Amino acid sequence: MSELKNDRFLRALLREPVDVTPVWMMRQAGRYLPEYKATRARAGSFMDLCTNPEAACEVTLQPLARFDLDAAILFSDILTIPDAMGLGLYFTEGEGPRFKKPVRTAKEVDALIVPDPEDELAYVMNAVRLIRKELNGRVPLIGFSGSPWTLATYMVEGSSTKEYANVKKMMFDQPDVMHQLLDTTAKSVVSYLNAQIDAGAQAVMIFDTWGGVLTPRDYKTFSLAYMDKIVKGLKRENEGRQVPVVLFTKGGGAWLNQMADTGCDALGVDWTMDLGDARSLVGDKVALQGNMDPSILYASPDRIREEVATILQSYGKGNGHVFNLGHGIHQHVNPDRAKAFIDAVHELSAEYHT
């Protein structure tokens, strides 16, 4: 594998010194870019795009051609694992992901098996290998997965939800069934992420999109406990370097300390918590990633720059900060505003690393 020319993202995740604060964006390879829309139209459906390693590689690299980013993130979807379990993932325009066969009964949960990442999910591993080759050491590649709780929510509901009726009913009425579902899913995530690391991912991130809808007690039992299992099951070194692990629970600001105790290297923070407060909470245990409100990218470049300055000041001097949005970039954002954001991070952050 090629020597890494820009490793400040990996260094920051391990709280090592950097020259400027590294920056990337969640969903940076995506539908706010006209070139992404063109590639997707050529590929056919969203799933055709995900399952085509060449197309997935192309869209992974697109934002790097436009912006001075410090990391690339694999273009894929968090629902590849349940799809590989045979649930039949498909996407409908304007409605998001759906499953043909949601998992609602103990018998259906019992029938689930851990997919082989080099078989049912080989298209993802082939994409990782191709992206690493094409990056040629330019920046690190991030691999990722959904958290067990988030995956289970989609698997039980069968689609996106605002009420969580089916998944919470299972959690409250049949906790043993829910734990079995989460355990199978956690084993699948460990296998999947370790395969991504073997294929060339240099850091991995676990997206717990729906953890914030749980009570503190249920978050600890049904979400955090399984992310903890994953962290402990992951390869933490490859190609002679540490492979940092990032956990991100949207709406999870109150639980950062408990998340840090898993042994992960970094925590994603959404925009509902002040980054300085988050740093005070976790101390030197982990690095922090975040946490600008994605909606600020609808504002003027001057206002974006002002917000970047505020967040840098909030985190303060020292190591351990990866700048990011507090969630994924919105699809209607002008790419020029994203560039203004990324350039501002590099320009304004140098003084915090002297």
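Both backbone and side-chain heavy atoms feed into the values below; hydrogens, waters and symmetry mates do not. It should be emphasised that the depicted structure is a prediction, and the values quoted were computed from it without experimental measurement. Counting from 1, the numbers follow the sequence of the chain as shown.
- Looking at every heavy atom in both residues, Ala72 comes nearest to Val139 through N-CG2, 3.7 Å.
- Taking a 6.0 Å sphere around CD of Gln180, one finds it holds more than 12 heavy atoms contributed by other residues, nucleotides or ligands.
- The closest donor-acceptor contact from the side chain of Arg104 to the backbone of Glu157 lies under 3.5 Å.
- Taking hydrophobic clusters as Ile, Leu, Val, Met, Phe, Trp and Tyr residues chained together by side-chain heavy-atom distances below 4.5 Å, Leu14 does not share a cluster with Val23.
- Of the possible donor and acceptor atoms, none in the side chain of Glu3 sits under 3.5 Å from a partner among the backbone N and O of Gly137.
- Residues Val282 and Ala260 share a closest heavy-atom pair of CG1-CB, 4.4 Å.
- Other residues, nucleotides and ligands place no more than 12 heavy atoms under 6.0 Å from the NZ atom of Lys107.
- Using a 4.0 Å cut-off between a side-chain N of Lys or Arg and a carboxylate O of Asp or Glu, Glu347 and Arg305 qualify as a salt bridge.
- Summarising the local packing, NZ of Lys317 is surrounded by more than 12 heavy atoms from other residues, nucleotides or ligands at distances under 6.0 Å.
- Residues Trp24 and Val20 fall into different hydrophobic clusters, defined by Ile, Leu, Val, Met, Phe, Trp and Tyr side chains chained together at heavy-atom separations under 4.5 Å.
- For NZ of Lys232, the number of neighbouring non-hydrogen atoms (other residues, nucleotides, ligands) closer than 6.0 Å is greater than 12.
- Interatomic distance, Asn319 CG to Arg11 CZ, rounded to the nearest 0.5 Å: 8.5 Å.
- Annotation: Lys285, atom NZ; neighbour count of heavy atoms from other residues, nucleotides and ligands within 6.0 Å is above 12.
- In the hydrophobic clustering of ILVMFWY residues, with side-chain heavy atoms under 4.5 Å counting as a link, Met26 and Met273 come out together.
- Looking at Asp198 and Asn238, their side chains never bring a donor and an acceptor atom within 3.5 Å of each other.
- For the pair Pro301/Asp336, no side-chain contact is recorded, criterion being any heavy-atom separation below 4.5 Å from C-beta on.
- Looking at Tyr352 and His321, their side chains never bring a donor and an acceptor atom within 3.5 Å of each other.
- No continuous path of ILVMFWY side-chain contacts below 4.5 Å connects Tyr192 to Val114, so the two sit in separate hydrophobic clusters.
- How far OG of Ser188 is from CD of Glu120: 10.0 Å, rounded to the nearest 0.5 Å.
- Applying side-chain contact (heavy atoms from CB on, under 4.5 Å) to Glu307 and the options Asp293, Ile296, Leu297 leaves one that passes, Ile296.
- Here the straight-line distance linking atom CG of Asp19 with atom OG1 of Thr354 works out to 11.5 Å at 0.5 Å rounding.
- Around atom CD of Glu16, more than 12 heavy atoms belonging to other residues, nucleotides or ligands sit under 6.0 Å away.
- With hydrogens and angles disregarded, no donor-acceptor distance shorter than 3.5 Å links the side chain of Asp208 to the backbone of Ser147.
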Worksheet item: What do the steps show when you test Asp270 against Thr272 for side chain to side chain donor-acceptor pair (under 3.5 Å), and what is the final call?
Response: CA-CA 6 Å; Asp270 69 21; Thr272 61; 2.5 Å; yes

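- By the neighbour-count criterion of 12 heavy atoms within 6.0 Å, atom CG of Asp284 is sparsely surrounded, having that number or fewer from other residues, nucleotides or ligands.
- Ion pairing between a basic and an acidic side chain is recognised when a charged N comes within 4.0 Å of a carboxylate O; Asp7 and Arg241 show such pairing.
- Taken together through direct or relayed side-chain contacts under 4.5 Å among Ile, Leu, Val, Met, Phe, Trp and Tyr, Tyr154 and Ile113 form parts of separate hydrophobic clusters.
- The distance from the SG atom of Cys57 to the CG atom of Asn126 is 11.5 Å, given to the nearest 0.5 Å.
- Under 3.5 Å, the side chains of Thr21 and Tyr315 contain no donor-acceptor pair of N or O atoms.
- In this structure, the separation between CD on Gln196 and CG on Leu74 is 5.5 Å, given to the nearest 0.5 Å.
- Taking the six-membered ring for Trp, Phe323 and Phe341 have ring centres closer than 6.0 Å.
- Heavy atoms only, all atoms of each residue included: Thr249 and Gly212 are closest at CG2-N, 3.8 Å.
- Note that CG of Leu288 is 10.0 Å distant from CZ of Arg15, once rounded to the nearest 0.5 Å.
- Nearest heavy atoms, Ala56 versus Cys50: CB-O, 4.4 Å.
- By the neighbour-count criterion of 12 heavy atoms within 6.0 Å, atom CZ of Arg31 is sparsely surrounded, having that number or fewer from other residues, nucleotides or ligands.
- In this structure Phe222 satisfies the ring pair (Phe, Tyr, Trp, His ring centres under 6.0 Å) test together with His179, sequence neighbours excluded.
- Applying the side chain to side chain donor-acceptor pair (under 3.5 Å) criterion to Asp77, with sequence neighbours excluded, gives no partner residue.
- Ring pair Tyr219/Trp255 is parallel by interplanar angle, where below 30° counts as parallel and above 60° as perpendicular.
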